[in-house]
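Here is how names work: the chains are called A, B, and so on, in the same order as the sequence lines, proteins then strands, and each is numbered from 1. Every value quoted in this text rests on a predicted model; they were computed, and no experiment measured them.
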Amino acid sequence: MNLLAVYERLQGHFKIKDCWWPHETTFEIMVGALLTQNTAWGNVEKAIKNLKTEGLLNIKSLSKINRKKLEEAIRPSGFYKQKAGYLSAFSKHLYTKYKGDLNAFFNRDTHIIRRELLLYKGVGKETADSMLLYAGNKLIFVIDAYTKRMCFRLELTELGDYDKLQLFFQDNLRNDLFLYKQFHALIVELGKNFCKSNPLCGKCPLKRKCKQQGISEKLKKRESREL
DNA sequence: ACCCAGGTGGCCC
DNA sequence: GGGCCACATGGG
């Protein structure tokens, strides 16, 4: 089955808002990308709200804020001490190297930016790519746990690491920023609503395209080994 | 009382 | 290059 067919099928079932990743500023998207690591989005929203209330959600403030205060503000998002350290260092780099100017930061070759993002502590491939796609409007497909799980269950690809999966998407989709953003959003919705770790195959929009049809203990074991 | 969430870094082999 | 673990809150 081809990727575009999956996309169209999902489009028929989920309404994705034009601005799926809620934000007032570009920086807010970058902060959200970091905070949402292995964390439910609802918890991230609380953290972001706290940061906004305290006037901290900008590069300058975050780079100067006292660590304990930052920890308290983002506490609801979990792993808060670790994330406070990441955010603090990240903001300081943006502030000192780019004078807090994200246009300057993003106005370069995509892969140069990606390499740089990956040097920051706490920014791995998925976080970097989320920032590039949603904050920087760069043509990079984001691979997350939902994406891996969906591909695995649909048997769309050979089992692969992040890079292989990303290439699979990028090679099989037209170069269209809107498509990249929407497709990732749709996969997240699928993952939240149906293709969960304990999946609800009965009403899944991809039911007819998927061989799993209810998950066996055997599949669960393979997933835990191979995802 | 569990299980899970839009990962990452560090350590070990 | 992989396998394991810590990191932590909040909702179902």
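- One can place CG of A:N50 at 13 Å from C1' of C:dT9, the figure rounded to the nearest angstrom.
- Identified under the side chain to side chain donor-acceptor pair (under 3.5 Å) test for residues 130-141 of chain A, with sequence neighbours left out: A:N137-A:K181.
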Problem set entry | Reading 5' to 3' through nucleotides 7-13 of chain B, protein heavy-atom contacts under 4.0 Å coded B for base, S for sugar-phosphate only, - for none | BSSS---

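- Remark: the A:S91 side chain and the A:K64 side chain contain no N/O donor-acceptor pair separated by less than 3.5 Å.
- Nucleotide C:dG3 holds its P atom 12 Å from the CG atom of A:D161, rounded to whole Å.
- C:dA8 sits 14 Å from B:dG10 when the P atoms are compared, rounded to a whole Å.
- In this model, the phosphate group of C:dT9 is not approached by any side-chain N or O of A:S77 to a distance below 4.0 Å at OP1 or OP2.
- Atoms CG (A:N43) and C1' (C:dA8) sit 10 Å apart, rounded to a whole Å.
- The gap from the P atom of C:dC5 to that of B:dC3 amounts to 16 Å, rounded to the nearest Å.
- Seen from the ring of A:F106, A:R108 does not count as a face-on cation partner, given the 6.0 Å and 45° thresholds.
- Here the P atom of nucleotide C:dT9 and the CD1 atom of A:I48 are 18 Å apart, to the nearest Å.
- One finds a side-chain N or O of A:R149 lying less than 4.0 angstrom from the OP1 or OP2 phosphate oxygen of B:dA5.
- Put simply, NZ on A:K192 is 14 Å from C1' on C:dG12, counting in whole angstrom units.
- In this structure, A:N198 places its CG atom 17 Å from P of C:dG12, rounding to the nearest Å.
- Between A:K99 and A:D101 no salt bridge is recorded (no basic side-chain N to carboxylate O distance below 4.0 Å).
- Atom C1' of nucleotide C:dA8 and atom CD of A:E72 are separated by 13 Å, given to the nearest angstrom.
- Remark: the A:T147 side chain and the A:D144 side chain contain an N/O donor-acceptor pair separated by less than 3.5 Å.
- When distances run from any side-chain atom of A:K81 to the nucleotides B:dA5, C:dA8, B:dC3, the shortest one goes to C:dA8.
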Tell me which donor-acceptor pairs under 3.5 Å the side chains of residues 164-173 of chain A have, and how far apart each pair is, sequence neighbours excluded?
from: A:Q166; atom 1: NE2; to: A:D129; atom 2: OD2; distance (Å): 2.9
from: A:Q166; atom 1: NE2; to: A:F141; atom 2: O; distance (Å): 2.8
from: A:N172; atom 1: ND2; to: A:F168; atom 2: O; distance (Å): 2.7

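- Remark: P of B:dA5 and CZ of A:F194 are 16 Å apart, rounded to the nearest angstrom.
- Surrounding NZ of A:K60 are at most 12 heavy atoms belonging to other residues, nucleotides or ligands under 6.0 Å away.
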